[in-house]
Enquirer: 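If you scroll down you'll find the structure; I have some questions about it.
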Amino acid sequence: MIRHHLFWPVAALALLIVLNAVVNPAFLELRMQDGRLYGGVVDILRNGAPTLLIAVGMTLVIATRGIDLSVGAVAAISGAFACTWIAAGGHAFTAMTLALGLCVLLGLWNGFLVSVLGIQPIIATLVLMTAGRGGAMLITEGQIITINDPLYRQIGAGFLVLPIAILISLGVLLLVGALTRGTALGMLVEAVGTNPRASRLAGVRSRTIVWTVYVFAGLCAGVAGLMISSNVSAADANNAGLWIEMDAILAVVIGGTSLAGGRYSLTGTMVGALVIQTLTTTVYNVGVAPNAILVFKALVVIAVCLLQSPHSARLFGPRRRAASAPHRSEEVTAA
Amino acid sequence: MTETPTRSADPVVDMRGITVEFPGVLALAGVDLRLYPGQVHALMGENGAGKSTLIKALTGVHPPTSGSIHLNGGPVEFTAPAQAQAAGISTVYQEVNLCPNLSVAENILLGREPRRLGAIDPRAMRVRSAQLLERIGLSVDPGSVLGSHPIAVQQLVAIARALAVDARVLVLDEPTSSLDTDEVGELFRIVRVLRDEGVAILFVSHFLDQVYEIADRMTVLRNGALVGEYLPQETERLELVSAMLGRELGTLEEVERRAEERTPGTAPLLTAEGLGRTGAIAPFDLEIRASEVVGLAGLLGSGRTETARLLFGADRADSGTISVDGRQVRPRGPRSMIAHGVALCSEDRKAEGVVADLSVRDNLVLALQAARGWMRPVPRRTADALVEEYIERLDIRPADPGAIMGHLSGGNQQKVLLARWLITRPRLLILDEPTRGIDVGAKAQIQKVVTELAADGMAVLFISAELEEVVRVCDRVVVLRDRRKVTELDGDTVTVDEVMAAIAEHEPEAVAP
Amino acid sequence: MNVLDVTRARERIERLPQRFLPVIATFVVFVLTFGTGSVLYDGFASPQILTNLFVDNAFLIVLAVGMTFVILTGGIDLSVGAVAALSTMIAAATLQAGWPPLLSVLAVLVAGTALGLLMGLVIHFFDVQPFIVTLAGMFLARGLCLLISVESISITDPAFRTVATGTITLAEGVTLTYSVLIALAVVLAAVYVLHLTRFGRTVYAVGGSATSARLMGLPTGRVRVGVYAVSGFCSALGGLLFSLYMLSGYGLHGVGMELDVIAAVVIGGTLLTGGVGYVAGSVLGVLVLGTVQTLISFEGSLSSWWTRIVIGVLLLAFIMFQRLIVRRTE
C-alpha cells in the first residue's frame, strides 16, 4: 500500500482530519438544517471548491507539459466582470455567461501563445498573470464592487443539501474524469505531454489538444472566480483568487502529477486540493495563530514533495518506482 | 601503420572482475578489461551487452558494485566523472556532451580555465584552446559559439576538450554514429595521432569496418559478460559477429531469398514532382509503387531525412506537388498524409517516436487512435489483441503490453514503433534509419519484416546509412548527394559498388547554401 | 597572420550583435520609453529623473541580479519577494529590540542566504522542481513575517535613518542614495562572478546543458545549490535596501515583487530556459519597468494598475522578440 502514489497525500489528509477531530470532537459532526448539511467537513468542501475546480483545469494543462499561472488573474477578471455587470443593473445569468465567455477568450489567448506561437507556457501565462489583475482593476475601476443578487449568490454560497460550489467542482471533476478516461482523450493528452514531437508525427492533433486544455483551464478559473465573488457578494480585483494558482499547482503536484507532464491523476488532484484546504481549516481549528498558516502550508508542501521524491523513497522503504529508476536510465543510455 | 602491438608495456587501465548491479538487474558480471598505452582497443557487443555500463564504471558515472580498477598499477575508486577526469581518463560521448550556448574555447577548457589572480584569463583561454584545436587540426574560431557548428565539429571539439587534461586514457563512446565518411576519416586521423603519442584509446562502435580499420585489439561483451579478447588480424569478421551474437547468422540469408519474391505494381502509388524545400532538399521527382521497396541512400546530411519529412508532410514543401494514386494532395502536416495511407518511422527514435511514460499498448495504438480521433477509443480488447499479435510477430520483449515503453531496449522500442504504423495498415511506409543503433538480431528481424510487408503489397521507402542493408532490402535505390537527388538505380545496378560510385561520382563543386 | 587577425576581428564584430541583440533591444526600448516621456512631459528629461530610476529601484536591481543567476541555470525563484519582505521584518524587529544595526544587517543577510541555501539543497538533493520548492519558500518566508508581527514595524534606528536619507550629490540638483551605490556594487560583483570565475561559467554551462556539465566533471551540484544561495543573499540585501527605502518592516511588503523581478529579467533578454542572458540586461529590464512607472505617475490621469498592464504588454513584446531571434538562429 505504501507503494501507491497516493499513499502519502491520503495519509496526510487522514492525519489532518484526525487531528481536527481530536482537538474539536464536533468537527466530524454533520447536522441538517433547512435541508442543508452543515459541519466541519462540509466547510472544508465548500471553501475548497474554487481551488479544486481550478486544480482540475490545471491538471490537464500540466499533463500536456504546460502550466497556467494566469488562473488567479482570470478568476479575478471573471468575478470583477460579473459583479460590475450586475451592479450596472444587468441580469445575473447574463453576467455569468458573459464573464465565462470572457474567460474562454483569455484561455484561447493563452492557448494561442503556447500551441501556435510555441512560447514556453510558464512565460506565456506570466503575461496574463501580470497584466490580468490590472485588467480586473480596469473593469472595476479600482473599486471593490459589492452587489446583492440572490441568484448570483447561489453559485458560491448556495446549498442543494451540500454547498452548490462543491457540487459544481465535483461535477466538473467527474465529467472530466469520464470524458478523458472514457474516451482516448486522456491517453492523447498524456502522449502529447510526454513527447509532443512524437505525438505530432503519429498524427495526434497536439496543437488542438494543447489549445483546448488552456481554454478549459480558463473556463474553470472563470467559474471559480464567480464562486469566490459570489461567496462574499463582492468583487475585489486585487485580492480575489490571490495565490490560487499556487494552491492549484500544489494540489496537482501533491496529487502525484509531475510538472514535467505526461501521466496525470485527477483523483490525486482532488486529494491534493482537500489536503490544502483541510490544512487551512486545521490551523484555524487547532487554535494556532492564523498567521502561521503559510508556514504550515510550506511545511506540508515540502514534506509531501520530499516523500514523493524518488530520492527519499530509498530512505523510506523499497518502492517500485524508485527501484526501476536507475534500471530505466541504463536501458535508455544503452539504446 | 605501426608495428603489431606488443604486450610488453604495462596496462594503463586494468579493470578486473567488474560487476555492476542495479536493483533487480545484473548489468555486468565480472568483466575484465585492460588498456595499453599507444593502442586502440575496440569494445563491441549488442545493445544491452554492457558496453555503456562498463564505460560508466571506468569513468565514475556508475561506480561498480564489486571488482577493482587499477590505474598505472595503483588501485582507484571513482565515484564521480570529475575524479576520473582528474586522473587522466577522458570520455567523448556518442551524443555530444558539451554546452551549445558557450564558446568553443570555453567548452574545451571549462572547469580548468587558465586563471590570473583568481579570475579567468580570457586571452590565455583563447591561446590555449587554439593550441589544442591546432593539435587536432581543426580550424574553427575558439571564440565562436559551439552551437553554431555542425555536430561533427562539435564532436572534434569534444576530443580537443579531452586532450586538454593530458588524457592518458581516451574513451570514445560510439563517436562515429552521426558522422559521414569524410568526418570519420578525420576522426581516425586524430585518433592515430593520439595513439602514436601514447594515449590508450577505448573505442566503442557498431561498425565492423571501422573497428577493423582502427583497432589494435577488440573486446566483445554479451549480456553483461565478457566473451573474449581478439586481435583483428587473427579474427575473421564472421567469427567476431557470431561472438557478439552468440548465434549463427541464418536470418540474414533468409532475407536475401525473400527479396526475390516481389512483383512491384505498375501504377505509381505516390508521385512527387519537383518537390523541394530551400535549405533541405533541391526539387526532385520520385515514384513509388505498391509492393516495392525503394531505398534512399546518401551520406549524412545529403537530404535523406528531409526528403522523408517532405513526403510525410512533417515539413512544408516550398515547391512541387505530391500525388497519391494519381490525384494531387496538399499535405498540411502529418495528419493529412496519414489519411492518405502514408506512415513515417522517424530516425530520431527517442525524440520523435517513443512516448516513454506510456505503456507499450498505448504506444502501439497511438497512431491508430490519433487517426480515429479521441471520441472513438480503440476498445481495450481490440488493443490487447493487436498488441499481442505484434509482440509475437515482431518478437517484442518483454512480452508485456503494460510494460512502460521507456524501460524497453532500443531495438524493442523500434519494433513497437514499427508496429504502431503497421496496425494503421499504411500503403506507403517510410522507414528512416529503422535499424540504427539497435542490435544485429533486431536488425535482421526488421529487415525481414520489411520484405514481408512489400511482398504483401505495401510500398516501402527505406532509408539507411548502411549501403549493404539498402542493397539487400531494396528493389530500387535513389541516391542523394548534397541535398540533391543525383540518380536512381534499379535491377542489376543495385549493388554496393554502384551506389557508392553514385554517391562519390563527382567532387561536390560547392556546398549548398 | 595579420589578415587572419583582421578577419577574426571582423567575425567577432559580426557575431556581437547576434549575442547581445536582446540586451541591445532592451536598451532601445529603454531609450524609447524615456524619450516618449521627455517628449510628452516637461521636466521628464532631467538627470534627476534618470537617477531616480536607480534610487527608486535599487532593491529591484539587487533582486534581479540574484534572479538572473537562478534563471541562467534554468531554474526559477518565486521566493524573492517574500524573502525581501522577511528581511525588512527581521531588520525592523531586531532594531526595535535594540540590536546594533550591523548585527541586524548581518542577521538579515545570514537568514536570507540560509533560506536560499536550504531551498537549493532541497532542489538538488531531492530533485523536486525549483518552482515548487521556491513556492514553498515563499509561503514559509511570508508566514515567518506574520509570525514576527502582523503589523508594520517602523524603523527608528538613527544609523539606519542616516543611511536611508543620506544623499550623494553628483551635480547641481542631481542626487543619489547609498542604496544605489550598493546596488551598483552588487551588479559589478555579479558581472565579475558570472564572467570571470569558474562558478559563473559553470552557471552558464548548467543552463546550457546540465547533463553535459555533469559529464564534463563540473561541480554542477554546488552550482545548482549555490545560485539559490546567491538569490537568497540578493533577496536579503534587496530587502534591506527596501527597508531603507520604506523605513519600515512589513509582512506584506513586496507582494508580487517576484513577478516584477522575473519580468525585468525576461525583458532584459535572459532566456527562461537557461544558459543565455546578461546581468546588464536585467538591470536594463528594471530600468524599463521603472520608466514605465514614472511615465504613468507623470500622466496622472492613468491609474496605477495601468503599470501592470503595460508590464504585461512589454513582457509579451519581448517574448515574441526572443522567439523570433531563436527561430532565426535555428
Side-chain angles (χ1 to χ4, degrees), chain A residues 67 69-70 73 109 113 117-120 122-124 126-138 140-142 237-239 242-243 245-247 249-250 252-254 258-260 288-312, chain C residues 76 78-79 82 118-119 122-133 135-150 211 251 255-256 259-260 262-263 266 271-273 302-320 322-324 326-327:
Chain A
I67 199 153
L69 296 180
S70 72
W109 164 253
L113 292 183
L117 298 187
I119 295 168
Q120 256 180 297
I122 193 169
I123 318 176
L126 185 65
V127 172
L128 197 51
M129 185 194 194
T130 313
R133 270 187 201 280
M137 295 288 274
L138 206 61
T140 62
E141 293 178 327
N238 253 337
N239 296 311
L242 196 62
W243 306 132
E245 60 276 342
M246 302 302 170
D247 278 351
I249 293 167
L250 287 181
V252 175
V253 172
I254 290 175
S258 160
L259 280 181
V288 182
N291 306 329
I293 205 159
L294 285 170
V295 177
F296 276 88
K297 211 184 246 179
L299 295 179
V300 167
V301 170
I302 292 171
V304 172
C305 285
L306 290 193
L307 288 171
Q308 284 181 343
S309 154
H311 293 260
S312 47
Chain C
I76 196 139
L78 296 178
S79 74
L118 193 71
M119 291 190 290
V122 171
I123 290 168
H124 180 63
F125 285 103
F126 291 93
D127 208 13
V128 186
Q129 287 102 338
F131 189 89
I132 294 296
V133 176
L135 182 59
M138 171 174 111
F139 287 152
L140 188 67
R142 288 262 176 230
L144 289 175
C145 283
L146 296 176
L147 280 187
I148 295 174
S149 168
V150 187
T211 34
V255 170
L259 284 188
D260 289 344
I262 294 171
V266 171
L271 291 185
L272 274 171
T273 39
L302 284 176
S303 320
S304 62
W305 55 80
W306 273 100
T307 317
R308 306 222 60 81
I309 298 179
V310 174
I311 293 177
V313 172
L314 274 179
L315 201 54
L316 180 70
F318 273 85
I319 291 163
M320 300 280 194
Q322 289 189 353
R323 189 75 210 142
L324 266 174
V326 172
R327 279 239 172 106

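Every chain is numbered from 1, with letters handed out A, B, ... down the list of sequences.
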Enquirer: Which atoms form the tightest heavy-atom contact between A:S258 and C:Q129, and what is the distance?
Expert: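 Looking at all heavy atoms of both residues, the closest pair is OG-NE2, 4.1 Å.
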Enquirer: By side chain to side chain contact (heavy atoms under 4.5 Å, CB included), which residues pair with A:L138, not counting sequence neighbours?
Expert: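 Side chain to side chain contact (heavy atoms under 4.5 Å, CB included) list for A:L138, sorted by chain: C:W305, C:W306, C:I309.
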Enquirer: When you look at A:V127 and C:V313, which way does the side-chain contact (heavy atoms from CB on, under 4.5 Å) test go after all the steps?
Expert: CA-CA 7 Å; A:V127 172; C:V313 172; over 6 Å; no
Enquirer: What's the verdict on side-chain contact (heavy atoms from CB on, under 4.5 Å) for C:F131 and A:I122, showing C-alpha distance, side-chain angles and the deciding distance?
Expert: CA-CA 10 Å; C:F131 189 89; A:I122 193 169; 3.9 Å; yes
Enquirer: Identify the heavy atoms of C:A136 and A:A298 that sit nearest to each other, and give their distance.
Expert: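 Taking every non-hydrogen atom into account, O-CB, 3.2 Å.
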Enquirer: C:V255, C:D260, C:I76, C:I319: which one forms the most heavy-atom pairs within less than 4.5 Å of chain A?
Expert: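 Of the options given, most contacts go to C:I319.
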Enquirer: Please state whether the side chain, the backbone, both or neither of A:L128 comes within less than 4.5 Å of a heavy atom of chain C.
Expert: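 Contact with chain C: none, neither part.
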Enquirer: For C:A82, enumerate each residue passing the side chain to side chain contact (heavy atoms under 4.5 Å, CB included) test, keeping only those at least two apart in sequence or located in another chain.
Expert: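 Only C:M138, C:A141, C:R142 meet the side chain to side chain contact (heavy atoms under 4.5 Å, CB included) criterion with C:A82.
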Enquirer: Where do C:G312 and A:A131 come nearest, in terms of heavy atoms and distance?
Expert: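 Closest approach of C:G312 to A:A131: CA-CB, 4.0 Å.
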Enquirer: In Å, rounded to the nearest 0.5 Å, how long is the span from CG of C:L315 to CD1 of A:I123?
Expert: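 Here the rounded value is 8.0 Å.
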Enquirer: Can you tell which part of C:T273 gets under 4.5 Å to a heavy atom of chain A, answering side chain, backbone, both or neither?
Expert: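 C:T273 touches chain A through backbone and side-chain heavy atoms alike.
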Enquirer: Please state whether the side chain, the backbone, both or neither of C:V122 comes within less than 4.5 Å of a heavy atom of chain A.
Expert: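 Side chain only.
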Enquirer: Within this structure, what is the CH2-CG distance for the pair A:W243 and C:L135, rounded to the nearest 0.5 Å?
Expert: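 Between atom CH2 of A:W243 and atom CG of C:L135 there are 8.5 Å.
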Enquirer: Ignoring hydrogens, what is the shortest heavy-atom contact between A:Q120 and C:L272? Give both atom names and the distance.
Expert: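 Minimum heavy-atom contact is OE1-CB, 3.6 Å.
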Enquirer: To the nearest 0.5 Å, what is the distance between OG1 on A:T130 and CD1 on C:I262?
Expert: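 Taking OG1 in A:T130 and CD1 in C:I262, the distance rounds to 8.5 Å.
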